[in-house]
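One structure below.
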Protein chains: 2
Amino acid sequence: MNPISVLLVDDHLVVRSGLKALLGTQPDITVVAEAASGEEALAVAQQHPADVVMMDLAMGQGMDGIEAIKRLRQASKQQAVLVFTTYDSDADIVRAVDAGAMGYVLKDAAPEEIFAAVRGAAQGKSVMSAPVASKLFQQLRNPDEVLTPREAELLSLLIQGLSNRELGKRLFISEATVKTHLAHIYAKLGVETRAAAIAVAIRREGMR
Amino acid sequence: MNPISVLLVDDHLVVRSGLKALLGTQPDITVVAEAASGEEALAVAQQHPADVVMMDLAMGQGMDGIEAIKRLRQASKQQAVLVFTTYDSDADIVRAVDAGAMGYVLKDAAPEEIFAAVRGAAQGKSVMSAPVASKLFQQLRNPDEVLTPREAELLSLLIQGLSNRELGKRLFISEATVKTHLAHIYAKLGVETRAAAIAVAIRREGMR
DNA sequence: CCCGGTATCAGCCAAAAGGCGGAGAGACCG
DNA sequence: CGGTCTCTCCGCCTTTTGGCTGATACCGGG
């Protein structure tokens, strides 16, 4: 069988060369190309179609990882996209998965786990680091804690530091409605105050 | 002259091997040891004293980078500590510098910049990535916007989502005093509400 | 066709937060 | 020594937030 070809996408040169060195130790895996940004990834993917694209979600500037995944999937060379990132934020996981990612591996994973993920992705299997899987699982098990679209929208403004009045104006709803949504959000996040909600949201959703 | 010996401290294996590969291209630089945590770094530094310690600030669990720097400096084998991290958060820079770091380099820096930083640190020179230096510079220019130690302490609890009452209990001060500190913090951060303060603080200070 | 989920709004009341002005004690510095 | 900074605390008043209860309307599935 031909070795699995991999395209690395990460804005840090150190991470790319580290990953290349690591994957290089496996005879059945070959890094065929690299890209430092979402835009570059799309271009490079044209020239060097790979079996697996390993992508960091947090790219310094320009297109973010999620957007890049969507575009890659649209261009659909049926290559599998494997998210390789530092954080296991709830929101990122969900967004990545529904952007079409085949797997989600954290940067602090053991080498064997990384290899397994690449091989799995190449075979069309879905692979997740344990902490990632458990987060996803928890969301499925506990739909009561999943925000509705409207609530999520409000939350994303809330964590900018807006007041109830400002939130109302932005969303074209009354302050009363804002309060209702907030009460629901607090309940779902397990907090009592907006301050705590912001703290939790930013940390847990990676909303920055 | 003997090559410069380097000790790498980072909880991500990928980053360590990438950095090792990168530094390996320079004849005058040799990586002599690695560590995956602050605790390990201290132990390893005993066995393999290096000229320069390259340290990530954000270590998964256990001792954080700042703490590790302090301890290393106390043990003082006069080795230079170079911070090598992803974020250029205001607070981290200040804390690292006064914990005794010789330099501060961002992970997305160009290879030449990284090499220069290592060489500079080995010679006892202070080295900073441009964005880092400019942040520090701005703080010196604008002392009105720098939080006092007490304010910073309060802020670090604030962004956990605590109420004024809770803040008071934690810091053994009255609620009145808490409000006074908060008012000063708001002024310095340029916000009017605690929600906005939390939002700004978490984003700008990287306080997570 | 009724029910559950979502989104919208209201009013009332208590608690929390914020603005304002003032003030004393200790530390540090020129 | 005098000025500045920092940390501490008070009271008073206004605004904001949060808790509670209840209500209307739309939509989609069983």
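Chain identifiers are assigned alphabetically (A, B, ...) following the order of the sequence lines, protein sequences preceding nucleic acid strands; residue numbering begins at 1 within each chain. Here the structure is a predicted model, which is why all the values come from computation and not from measurement.
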Looking only at side-chain N and O atoms, does R150(A) come under 4.0 Å of OP1 or OP2 in dA7(C)? no

Applying a 4.0 Å non-hydrogen cut-off, can you work out what E175(A) is touching in the nucleic acid: base, sugar-phosphate, or nothing? nothing

The side chain of A176(B) is closest to which nucleotide in this list: dC9(D), dA16(C), dT8(C)? dC9(D)

What nucleotide among dG18(D), dC9(C), dT8(D) has an atom nearest to a side-chain atom of T193(A)? dG18(D)

Report yes if a donor N or O on one partner sits less than 3.5 Å from an acceptor N or O on the other, where the partners are the side chain of T148(B) and the base of dC7(D); otherwise report no. no

Among dC9(D), dG18(D), dA10(C), the one nearest T180(B) by side-chain distance: dC9(D)

So does E192(A) have more than 12 non-hydrogen atoms from other groups sitting under 6.0 Å from CD? no

Nearest to the side chain of H181(A), which nucleotide is it out of dC10(D), dG18(C), dA7(C)? dA7(C)

Over how many whole Å does the gap from I198(B) atom CD1 to dG18(C) atom P extend? 9 Å

By the 4.0 Å heavy-atom rule, please label T177(B) as base, sugar-phosphate, or nothing. base

May I ask you to check whether S174(A) and T177(A) show a side-chain donor-acceptor distance below 3.5 Å? yes

Atom-to-atom span, CZ of R194(B) to C1' of dA15(C) - whole angstrom: 13 Å

Please state how far atom NZ in K188(B) lies from atom C1' in dC7(D), giving the value in whole angstrom units. 11 Å

Which nucleotide in the list dA16(C), dT8(C), dC7(D) gets nearest to the side chain of S163(B)? dA16(C)

If I take atom NE2 in residue H184(A) and atom C1' in nucleotide dC20(D), what distance separates them, rounded to the nearest angstrom? 12 Å

Apply salt bridge (Lys or Arg N to Asp or Glu O under 4.0 Å) to R71(A) and E67(A), showing your working. CA-CA 6 Å; R71(A) 304 279 187 90; E67(A) 188 55 31; 3.0 Å; yes

Tell me the interatomic distance from E166(B), atom CD, to dA17(C), atom P, rounded to whole angstroms. 8 Å

Please give me the minimum heavy-atom distance between L157(B) and R170(B), naming the atom from each residue. CD2-NH1, 3.5 Å

Could you check K169(A) against E166(A) for salt bridge (Lys or Arg N to Asp or Glu O under 4.0 Å), going step by step and ending with a plain yes or no? CA-CA 5 Å; K169(A) 287 187 180 170; E166(A) 293 169 320; over 6 Å; no

The nucleotide from dT8(D), dC7(D), dG19(D) with an atom nearest the side chain of I173(B) is dT8(D)

In this structure, how many angstroms lie between the C1' atom of dC9(D) and the CG atom of L182(B), rounded? 15 Å

If the cut-off is 4.0 Å, is N164(B) near the phosphate of dA16(C), judged by side-chain N/O to OP1 or OP2? no

Expressed in angstrom and rounded to an integer, what is the separation of K179(B) atom NZ from dT14(D) atom C1'? 11 Å

L154(A) atom CG is separated from dC9(C) atom P, nearest whole Å, by 12 Å

